[in-house]
Structure formats: C-alpha cells, structure tokens
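Below, each value reflects all heavy atoms present in this structure, side chains not excepted, and no hydrogens, waters or symmetry copies. Residue numbering restarts at 1 for every chain, and letters A, B, ... go by the order of the sequence lines.
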Amino acid sequence: MVRKVGEESVLLDLKTERYLGLDDVSARFWDLLTSGGSIQLAYETLLNEFEVDPERLRKDVDDFVQELSELGLVEQS
Amino acid sequence: MSFVLPVESAAEWTNCSTGFDYSLYGLRIRSNVRLTLDDIPMEGNADVELRPGDPERFDAVASKIPPQHSDWIYQQQLSDDWTYLRYEGLFEFLVAPLGNIILYRLISSVHLESFQTYALGRVFSFALVKMGFEPLHAATLVIEGRAVAFLGASTFGKSSLAACFVAAGNQLLTDDTLRLEERDDHYVAFPGPPRLRLLPKIARLYLPNAGSGIVMNPHEKDAKAPKLVFCLSPSQSFNEPVPLAAIYVVAAPRKVHRKQKISITPLSQLHALMNVISFTHNDELTNPNRLTRQLDAARRLISKVTIRSLAYPRVLASLDDVRNAVLSDLKEPYVNII
C-alpha cells in the first residue's frame, strides 16, 4: 500500500508491517512495477519521464530493487 | 494517598451494582473498582467498562502461557480477538475485541494507584485502538489554552519535561496516552489521569508537594532509579478537551550529546509521519485494517498539525531552557493558530 505524503510517498507492506519512504522517482517506479511492468520496462519509462543520467538511474533502480527484495516486497527471477 | 486494593476486592473498593463513573480520554468509563479520580455519575451506557472477569476464564488463558517467557509483562492476542495482558504477580486483564470491556483479575493485593496506572494506561491503550482510535505516546501540557504534545518513547524524558512545565504553572493534560480527535481544521486533545511518572529526584525538584510517590511494581522497587507515580493537584492538571497547537517529537537521549545545544527543527512530512506512527500506541495490534487506519490517521494529523523535532541534552539544569525554547517556538507563525 502506497500513500502520498507531501512530495514523497510511504510504502506500507501489510504482511511484514514494514514502512519504506519513497521519493517521487521510487514511488513512480513502484507504481510501474505493481501495475504489471518488468524492472526493465519500469527503468525505460523512468528514463523517458525524468531528466536523469541513465547510468545513475540504473544504479538507483538496482539499489531500490535490492532494498525491496531484502524486505521481501519483490522477488527477482 | 496509600490505598491497597485487596486481592479479594472488598466492598469498600467495589460497587457491583452500579459501578463508579469516570471521564478519561474523552470517554465515559464505568469501573467496578473505585478509582482515585473524580467520580462523575452519568446515565446510560459507558464507552468502556472495567470490571472483574471470571477467574476460570483467566485460569484457562493463563494455563496456555509459554513457561519460558521471561518478561514480567506478558501480552497475547487470543484467537477470539480478546487481548490478554498479565503483570506478573500483580494483576491480569482481558480487553474485548471492540475495546468496550476490560476485565481484570488481581493476583495479589496491590496498590490502587498501581492497578489504576496500568489499567488506565497501557491496558487502556489496547481498548482505544480496538475502538478505532490512534492514541499517541505523548506527554501533553496546556499552554495558553492550547495543548502542546511531546511525543516519544517512555525513556525519552517526556514526563520530566512535563514536570518542568507543571512547576512553572502550566497544567498537565496527560502524561503518557494522548487521544486526539479531528474537528474540521484542527485536532482536540483529551485529558488523561492527573498523574506523572517520574524519577524521585525530578519530582523533588519540580513537584516538592506531590508526596513521596508510589512504587508501581516490584521491579521498580528493586531498581536503582525507580520511576514513581505522583498525583497532581487540581491546579496542576487540566480535565477538559483542548485544541492541539503543536507536537514536538522528542529526540532519543542517546542521539543528543551532553554539550549539544537545544534545537527545535522542522521535520519533513515523511519524517513527521514515521515519527507519529512509531510513537502511536501500540504496535502489538497490527492487523491490516489497523495498519491502514493508522497510516491514514497519521497522514491526516501531519497535514493539520505543526510537528517539529526537539533535541536537548539530558542535563537536569537545562530543562528550564528547553521549556523557554518551546515557549518561544510556540510564538512562531507556523504553529497552529486555533
């Protein structure tokens, strides 16, 4: 469950009872991911929507996916 | 005051036919035990009933407690949605699924203030959450007609700071459990018991007329620095709802160096939200509906109430300066004008 909080968002995982603060980019990434997209597709969409260095975005996405994975919120195949 | 509640509740302390009525946290409480609060007789049903439970029922629950548990306070959510709390050697409670009934059983003869503090404090917080409220862990003062809450865990020094304010003439609204209610564009804070739980040296300094304090449990009695319960006089406490002006999130003592200056700083909305959630009673009731409600309640609160961080060195002599810093901050334009 994601709720907007000012310019940021908070993700609450109801199973693990863990909260995660999200900036606008990671909130959008989560949105894309949970609407059925792949990590690669979400990455490409963010690249189009935000003015960001591709390598920097790739690293941020990888780090975020790793964090989500550690929290049990995504499973990497 | 030195009242002992006998394990076989005597007629002197109980009234099985009608009970005693109290108003607390904005709710009507009917208690079988005569508490040391002002009795306010009322008609109709109470919001919460505090009464003795069937000993066999308590025996049945207690028989299932794992023998290896080490905490002197044991708590468990039961399969029928009742909550069981046991204070080893003192008393045990069952809180109904809807929060409208709190059953108790005395394990030994206990000090009435001890029973009352737990029944109307931590135990009551379960009832509040079950009733749909999101009570905060906050000591709250009335300052110029507005409530000012200090949010934080029980070891953060909130009560000591509250005692400093009381000594300076401000009135305590509640020490530990704060129930808020949203009213149009602001929140109203409700009064709790007129009690402060303090280290004796803090009480001697700020509440010299409050007596010697009451030991809450055998563990406190054996502790090097026990926190005792001190009763406030009517002039030191406030028993009406008050509009909430601001919430200060008290920084953990370990995060503040002794030589650090007092600082009051804004919190991002996300940090304000996470602090409100962290210091909401209580994190044992975590079903999805409650978690969702808690998050949404915190979002609404931070959108309407000024929430700032308060960090100060835990040096007794600096508490008056902390108070002055808060009073200055409350004059700033970002503080809710009600």
Could you measure the distance from the CE atom of A/M1 to the CG atom of B/L295? Nearest 0.5 Å is fine. 4.5 Å

Of the backbone (N, CA, C, O) and the side chain (C-beta and beyond), which part of B/N287 lies under 4.5 Å from a heavy atom of chain A, both, or neither? neither

A/Q40, CD atom: more than 12 neighbouring heavy atoms under 6.0 Å: yes

Other residues, nucleotides and ligands only: do more than 12 of their heavy atoms fall within 6.0 Å of NZ on A/K59? no

Counting only heavy atoms not in B/R314 (residues, nucleotides, ligands), do more than 12 fall under 6.0 Å from its CZ? yes

Please indicate whether B/E182 has more than 12 foreign heavy atoms, meaning atoms of other residues, nucleotides or ligands, lying under 6.0 Å from its CD. yes

With a 4.5 Å cut-off on side-chain heavy atoms, are B/T292 and A/R3 touching? yes

Atom CG of A/L20 and atom CE of B/M274: how far apart are they, to the nearest 0.5 Å? 8.5 Å

Any side-chain heavy-atom pair from B/L270 and A/Y19 closer than 4.5 angstrom? no

Scanning both residues in full, the closest heavy-atom pair of A/G6 with B/Q269 reads CA-OE1, 2.7 Å

The reported gap from NE2 in B/H271 to CD in A/E8 (rounded to nearest 0.5 angstrom) is 8.0 Å

